[in-house]
Amino acid sequence: MRTHLRRPAAATLLLAAVLTATGCSSGGSDPADRAGASPSASAPALSDAERVAREQEGATAPPAQRPGASAPAGPRASAPAAPVRPDASLTPATGSFTPREKEYLSGRVPRSVDPAAVLDVGKESCQRIERTARHDKDAAVAAVVAGDVRDARDAVTHLCPEQRPVLDAAEGGYPDGTHASPAAGRYRTAAARPGCTWRVTGAGGRDLAAGPAPGASGERHTLTIPAGAAAFTSSGCYAWLRG
C-alpha cells in the first residue's frame, strides 16, 4: 500500500515548526508537499531521496486513497511504480548494503533508480521520526498515522528499530477520511485544525457520536467509538491516536 503525503495544512505546519525548532529539518518539507510546485531559479536542487519520492508519487493510488473510500487504520507503506529491480541487483556503487538495508530495499527500487537513493528515502523517514519524537512524540505518532512519513513501518522495522515505540503508538489510529467498521475505543487528536469535525454512525446512518462539542476549541479533542459502529468520518482533525 502507498500513501500520498498531502495532508491538512495546519498539521503540516505543526510538524515543520517542530523540525525548525530543533534546527534539524532535512530539506524543510516533505518531497511530495512540493510535487506540484513550479521550479524556479531560486529553488534548491532536489536530493536523490526527494527525486525518488517524486517518482514513487507517480504510482496509482490504491482504492483506499480515492475520495469516499475507506482507508485502513495505522501506519501505511508506499509502493513504487512497477517494474522494480530484482533483489539480486540491489548493490550500491561502492561498498555494500547491510542485511536490514537489503530487506528494506526489496521490491521497492524502480529499475531506473539507484538503490542507494531509495535507501536515503528510508533513512530520511527515520530521521524525521526521531527528530520530531525528540521534541513531541505525539506529533511524530500523528504524522505516521496520517501517512506523512513515507514507508514508516518498513523504515522503522529495518532501518531504525529504536523508533518502534512511535510505530507501536500509531497502530490502530485513524487519519482524516471515512473508515468503515471502525474499532471501538477511545481516541484523541494531537494536531487538529480549528475546523476539526467528526461523526460516528451506526446501522442506517444513525448518529452515534459527533463533534466537536459546543464551545470546544484547540488542537486536542477526544472521542469514544462505540462497539458496532458502521462508519467513522473525520475532517480537519489530521489524525486520531488510540488512548
Side-chain angles (χ1 to χ4, degrees), residues 1-8 10-12 14-15 18 30 62 64-65 69-78 125-126 128-158 160-203 207-213 216-243:
M1 293 184 293
R2 65 182 299 281
T3 59
H4 291 285
L5 305 189
R6 298 172 182 84
R7 299 290 171 184
T12 302
L14 169 68
L15 292 173
V18 168
D30 279 349
Q65 290 304 110
S70 176
R76 293 158 289 165
S78 65
S125 293
C126 282
R128 179 175 182 180
I129 292 172
E130 190 275 330
R131 291 166 178 167
T132 307
R134 186 189 308 157
H135 185 80
D136 185 341
K137 182 180 177 181
D138 272 0
V141 174
V144 171
V145 171
D148 272 345
V149 180
R150 179 176 289 274
D151 296 328
R153 185 190 302 277
D154 288 342
V156 170
T157 299
H158 301 300
C160 52
E162 68 277 7
Q163 297 304 322
R164 187 76 199 188
V166 172
L167 192 65
D168 290 343
E171 288 293 339
Y174 288 102
D176 273 340
T178 297
H179 311 277
S181 302
R186 185 175 175 83
Y187 297 83
R188 60 188 175 86
T189 62
R193 296 187 305 186
C196 168
T197 61
W198 65 90
R199 182 184 181 207
V200 181
T201 56
D207 281 342
L208 301 179
S217 62
E219 298 180 342
R220 308 283 177 168
H221 300 278
T222 61
L223 76 93
T224 298
I225 297 179
F232 167 47
T233 299
S234 169
S235 176
C237 304
Y238 188 55
W240 292 88
L241 315 184
R242 288 298 300 257

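Under 3.5 Å, the side chains of S235 and T197 contain no donor-acceptor pair of N or O atoms.
Within the structure, every pair that satisfies the salt bridge (charged side-chain N to carboxylate O under 4.0 Å, His left out) test and touches residues 194-203, not counting sequence neighbours, is listed here: R199-D207.
The shortest distance between side-chain heavy atoms of L223 and F232 falls below 4.5 Å.
Across all their heavy atoms, A190 and A142 have their closest contact at CB-CB, 4.2 Å. Between V145 and G173, the shortest heavy-atom distance links the atoms CG1-C, 3.7 Å. Counting all heavy atoms, side chain and backbone alike, Y238 lies closest to A191 at CB-O, 3.8 Å. Heavy-atom minimum distance, P212 versus W198: CA-CH2, 3.5 Å. Closest of all the heavy-atom pairs between C196 and G236 is CB-O, 3.5 Å. Heavy-atom minimum distance, D176 versus S234: OD1-OG, 2.6 Å.
For H221 and W240, the ring centers sit 6.0 Å or farther from each other.
Among residues two or more places apart in sequence or in another chain, the side chain to side chain contact (heavy atoms under 4.5 Å, CB included) test is passed with T157 by R153, R164, L167. Among residues two or more places apart in sequence or in another chain, the side chain to side chain contact (heavy atoms under 4.5 Å, CB included) test is passed with S125 by V149, R150, A155. Contacts of T189 classified as side-chain hydrogen bond (donor to acceptor under 3.5 Å, both in side chains), with partners at least two apart in sequence or in another chain: none. In this structure, the side chain to side chain contact (heavy atoms under 4.5 Å, CB included) partners of P226, at least two apart in sequence or on a different chain, are V200, L208.
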In a table with atom names and distances, give each donor-acceptor pair under 3.5 Å that connects a side chain of residues 180-187 to protein atoms at least two apart or in another chain.
from : atom 1 : to   : atom 2 : distance (Å)
Y187 : OH     : A183 : O      : 2.7
Y187 : OH     : R242 : NH1    : 3.3

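The line from CD of Q163 to NZ of K137 is 9.5 Å long, rounded to the nearest 0.5 Å.
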### Message
Does V166 form a side chain to side chain contact (heavy atoms under 4.5 Å, CB included) with V144? I'd like the steps, not just the answer.
### Response
CA-CA 8 Å; V166 172; V144 171; 4.2 Å; yes

### Message
Test side chain to side chain contact (heavy atoms under 4.5 Å, CB included) on T233 and H179; report intermediate values, then the result.
### Response
CA-CA 6 Å; T233 299; H179 311 277; over 6 Å; no

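At distances below 3.5 Å, at least one donor-acceptor pair connects side-chain atoms of D136 with backbone N or O atoms of A139.
Between D138 and R220, at least one side-chain N (NZ, or NE/NH1/NH2) sits under 4.0 Å from a carboxylate O, which counts as a salt bridge.
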